[in-house]
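Below is one structure, written out as structure tokens; the observations come after it.
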Amino acid sequence: MSNLLQRLKEEVLIGDGAMGSLLYSYGVDRCFEELNLTNPDEVLTIHKAYLAAGADIIQTNTYGANYIKLARYGLEDEVKSINQAAVQIAKKAAADQNAFVIGTIGGIHGTQTSIGTKEEIKRSFREQLYCLLLEGVDGLILETYYDFDELTTVLKIAREATDIPIITNVSMHEAGVLQNGMALAEALQELEALGADLVGINCRLGPHHMFKSLESVPLPERALLAVYPNASFPGFKDGKLYYENKPEYFEKYAGKFREQGVHLIGGCCGTTPEHIQGLVRGLSDRTPIIEKVVKTSSTTIEATDPQKLQQPNLVEIVNERHSVIVELDTPKHLNVEKYFEGAKALQEVGVDAITLADNSLASPRICNASMASLIKQQVNASPLVHITCRDRNLIGLQSHLMGLHTLGITELLAITGDPTKIGDFPGASSVFDVTSFELLEMIQKFNEGISMSGKSLQQKTNFTVAAAFNPNVRHLDRATNRLRKKMEAGADYFITQPIYSTQKIIDVYEATKDLGAPIYIGIMPLTSSTNAEFLHNEVPGIKLTDEVRARMAEADGNREQSTQKGLRIAEELIDVALEHFHGIYLVTPFMRYDMTVHLTKYIHEKVDKGVVKKIVQPAGIMN
């Protein structure tokens, strides 16, 4: 049998189509790779069907046969046996067919990069790689990689381990651009430089968008091009995904792909042996082209309107002077009169921003983006909108961010969100498509004018984003290390959970004084002894000292005395916080905005009288 790479250089070859989605269409709804052990004849039949359709190259049924993905099914100890069986089945099908068998290794990260660390992915990849190499595959295909960093990482490992042909296929949400915003042509050029023999695209997009993507890709200097389109976008009926694209449509695009310089054409999700037959029929000429005209992209990203940049953001404010922001949660009902009274009162005493939680404690409230827009228009206050990962999937998060930008709201707090179990609807679903770290990264991509899918937004947003900091933990050094990671992800500054210990404030200063980012210290005045006990015992992330609880207990049952004690405790905490930090974050309890108005005035009076130290250190931390 001739060498795979030499054959690919001499003629356009046909790959096979989908394995997983074909099995799914047959009613298989479990780990597809396990079938290599439990139903090998079913896998063999599919391989033979693709070869009979005209495929020159078939892939092993090993897309997800790695430790990380198999662990979802309790099969992590079967990596070797599953990969070994997969190669043997494919070789059995290809025997006497003059066909090649390539080992498939799929990407781990899609849009959720929290699944598997880089080191875990490297270990998992090496294990699967060596299993395939030991069985003597003719080549490797690294496919469905949305995370370009993951692909370059594993490509380096594979290239060092073997000299057999390596195909690297990236996947895109949008035509011509990767998830990280990199142009397809640039990405394929980098993969070629790292040693890939074939570079190309697969999955997510159908023939039309893949053809459009390839129009901007020049012929590589050394590597060859590959394309594995989906049959179509999937439909959903009776609880199952399905694909409608006809094989004749693939036949139409086979020659078009060749004209773009492609040397290997196969199919991805939704494709069948009939689609591969279509490709064969459409390739009357298998001679690869040696020249092509490349279309250039005209997409540009505009900077944010300069008029929207005139007002300083909270980082700039807190680096210049002491700053006060106040949380005023939106109502759980539709009567907003008192809310606007509170917002107006806070604006009049000079708060730098009014922060609006995103359904705090997992209880539904009026949409904070809507109320933020209204207080900006009607009260002329600056809103700081909290965004949780809990309530929106990736589609909703991107839409939400686009909406906030359109409303001119630029101050955000990115948080995970309280679990639904503690809220009004404990049976409600939590989404968590992303973590707070990934949400920070997503917002920073928006500031670069790039969506989560990598598509140009045609404008750059101007978000300043805060991250949450819970210092009420046993190991403050670990919490501080987490802050550094959040800064790497894109956090501009931090807002703490309410603190009820002056010593804790000092400890936070000592732990974070070299951090290099502003910190707003959270202060929430207590309203009663019952309130104090509830916060201490039932609210995650908040702990009160025994002394504070005892002081509140002294006024138990007396509303006025409880208010005064709560305010006095808050003032004592503020005194210490102002000696060490620029920013104070006041949390309004139970719409008692009179208390946060009082504390705002208290802060301004102390600063105006020069009682606190002057600001001498940048990045929001005082000496």
Side-chain angles (χ1 to χ4, degrees), residues 111 173-174 177-181 299-318 325 327-328 330 343 352-359 365-417 431 433-468 486-487 489-495:
T111 52
H173 301 285
E174 307 287 345
V177 63
L178 273 62
Q179 182 173 283
N180 64 358
T299 303
T300 58
I301 300 176
E302 298 176 5
T304 306
D305 184 347
Q307 295 297 319
K308 296 180 180 179
L309 303 180
Q310 291 180 352
Q311 187 170 345
N313 60 47
L314 286 176
V315 173
E316 293 170 335
I317 291 171
V318 79
I325 60 177
E327 181 173 317
L328 192 68
T330 61
D352 293 302
I354 295 176
T355 84
L356 301 90
D358 192 5
N359 298 326
R365 297 175 178 270
I366 294 177
C367 167
N368 61 355
S370 301
M371 294 298 283
S373 179
L374 289 174
I375 66 172
K376 184 178 181 182
Q377 296 171 15
Q378 298 181 17
V379 183
N380 196 32
S382 298
L384 190 164
V385 173
H386 302 197
I387 303 178
T388 70
C389 303
R390 177 195 59 225
D391 295 336
R392 301 174 188 86
N393 63 13
L394 274 172
I395 300 168
L397 281 172
Q398 174 151 325
S399 174
H400 191 51
L401 289 172
M402 293 169 75
L404 291 169
H405 169 76
T406 304
L407 291 170
I409 295 170
T410 60
E411 295 286 348
L412 308 177
L413 170 66
I415 55 176
T416 300
V431 181
D433 270 4
V434 296
T435 65
S436 59
F437 289 90
E438 291 163 325
L439 178 55
L440 288 167
E441 293 170 352
M442 182 178 184
I443 294 169
Q444 291 309 310
K445 287 182 71 171
F446 265 60
N447 283 346
E448 298 168 6
I450 302 170
S451 76
M452 224 10 212
S453 67
K455 186 177 182 180
S456 168
L457 295 169
Q458 298 189 19
Q459 273 192 10
K460 294 180 180 180
T461 59
N462 189 45
F463 293 128
T464 303
V465 57
K486 287 187 176 183
M487 288 176 65
D492 297 303
Y493 64 105
F494 298 97
I495 297 175

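All heavy atoms count here, side chains included; hydrogens, waters and symmetry mates do not. Numbers here simply count residues along the sequence, with the first being 1.
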Parallel, tilted or perpendicular: rings of Phe463 and His405 (30°, 60°): perpendicular
Contacts of Ser436 meeting side-chain hydrogen bond (donor to acceptor under 3.5 Å, both in side chains) (sequence neighbours excluded), chain-then-number -> none
Restricting to pairs with a member in residues 399-415, which pass salt bridge (Lys or Arg N to Asp or Glu O under 4.0 Å), not counting sequence neighbours? none
Can you tell me how far apart OG1 (Thr330) and CG (Asn368) are? Round to the nearest 0.5 Å. 6.5 Å
Taken in chain and number order and not counting sequence neighbours, the residues that satisfy side-chain hydrogen bond (donor to acceptor under 3.5 Å, both in side chains) with Thr388 are Asp358
Please step through side chain to side chain contact (heavy atoms under 4.5 Å, CB included) for the pair Leu394 and Val434, ending with a clear verdict. CA-CA 8 Å; Leu394 274 172; Val434 296; 3.6 Å; yes
To the nearest 0.5 Å, tell me how far Asn393 CG sits from Asp433 CG. 5.0 Å
Any donor-acceptor pair under 3.5 Å linking the side chain of Thr406 with the backbone of Met402? yes
With sequence neighbours excluded, what pairs up with Ser370 under the side chain to side chain contact (heavy atoms under 4.5 Å, CB included) test? Cys367
Rounded to the nearest 0.5 Å, the CG atom of Leu314 sits from the OG1 atom of Thr410 at a distance of 8.5 Å
For the CG atom of Asn313 and the CG atom of Asn462, what is their distance to the nearest 0.5 Å? 7.0 Å
Considering all heavy atoms, the nearest Gly396-Arg392 contact: O-CD, 3.8 Å
Just by modelled atom types, is the Thr435 backbone N or O under 3.5 Å from a matching donor or acceptor in the Glu438 side chain? yes
Check whether any side-chain heavy atom of Leu439 lies under 4.5 Å from a side-chain heavy atom of Leu397, and answer yes or no. yes
Does the side chain of Leu401 reach to within under 4.5 Å of the side chain of Thr461, using non-hydrogen atoms? no
Could you check whether any side-chain heavy atom of Leu384 comes within less than 4.5 Å of a side-chain heavy atom of Leu413, counting everything from C-beta outward? yes
Do Glu174 and Gln179 come within less than 4.5 Å of each other through their side chains, counting heavy atoms only? no
Distance in Å, Leu407 CG paired with Ser373 OG, rounded so as to fall on 0.5 Å steps: 4.5 Å
Taking every heavy atom of Ala414 against every heavy atom of Ile443, the minimum-distance pair comes out as CB-CD1, 4.2 Å
Minimum-distance pair of heavy atoms, taken over all atoms of Ile409 and Ala372: CD1-CB, 3.7 Å
Where do Ile354 and Ala381 come nearest, in terms of heavy atoms and distance? CD1-CB, 3.8 Å
Can you see which heavy atom on Val177 is nearest to which on Gly454, and at what distance? CG2-O, 2.9 Å
Would you indicate whether the side-chain heavy atoms of Arg390 and Val431 approach each other to under 4.5 Å? no
Got a sec, which residues hit side-chain hydrogen bond (donor to acceptor under 3.5 Å, both in side chains) with Gln378, two or more places apart in sequence or on another chain? none
With a 4.5 Å heavy-atom cut-off, do Leu356 and His386 have their side chains touching? no
Quick check: do Glu448 and Lys460 have side-chain heavy atoms less than 4.5 Å from each other? no
Taking all heavy atoms of His400 and all of Ala369, pick out the closest pair and write down the distance. CE1-CB, 3.7 Å
Any side-chain heavy-atom pair from Phe494 and Lys486 closer than 4.5 angstrom? yes
Name all residues meeting the side chain to side chain contact (heavy atoms under 4.5 Å, CB included) criterion together with Asp492; count only those two or more places apart in sequence or in a different chain, and write none if there are none. Val315, Gln444, Thr464, Val465
Find the distance between CE (Met371) and CG (Leu328) and round it off to the nearest 0.5 Å. 8.5 Å
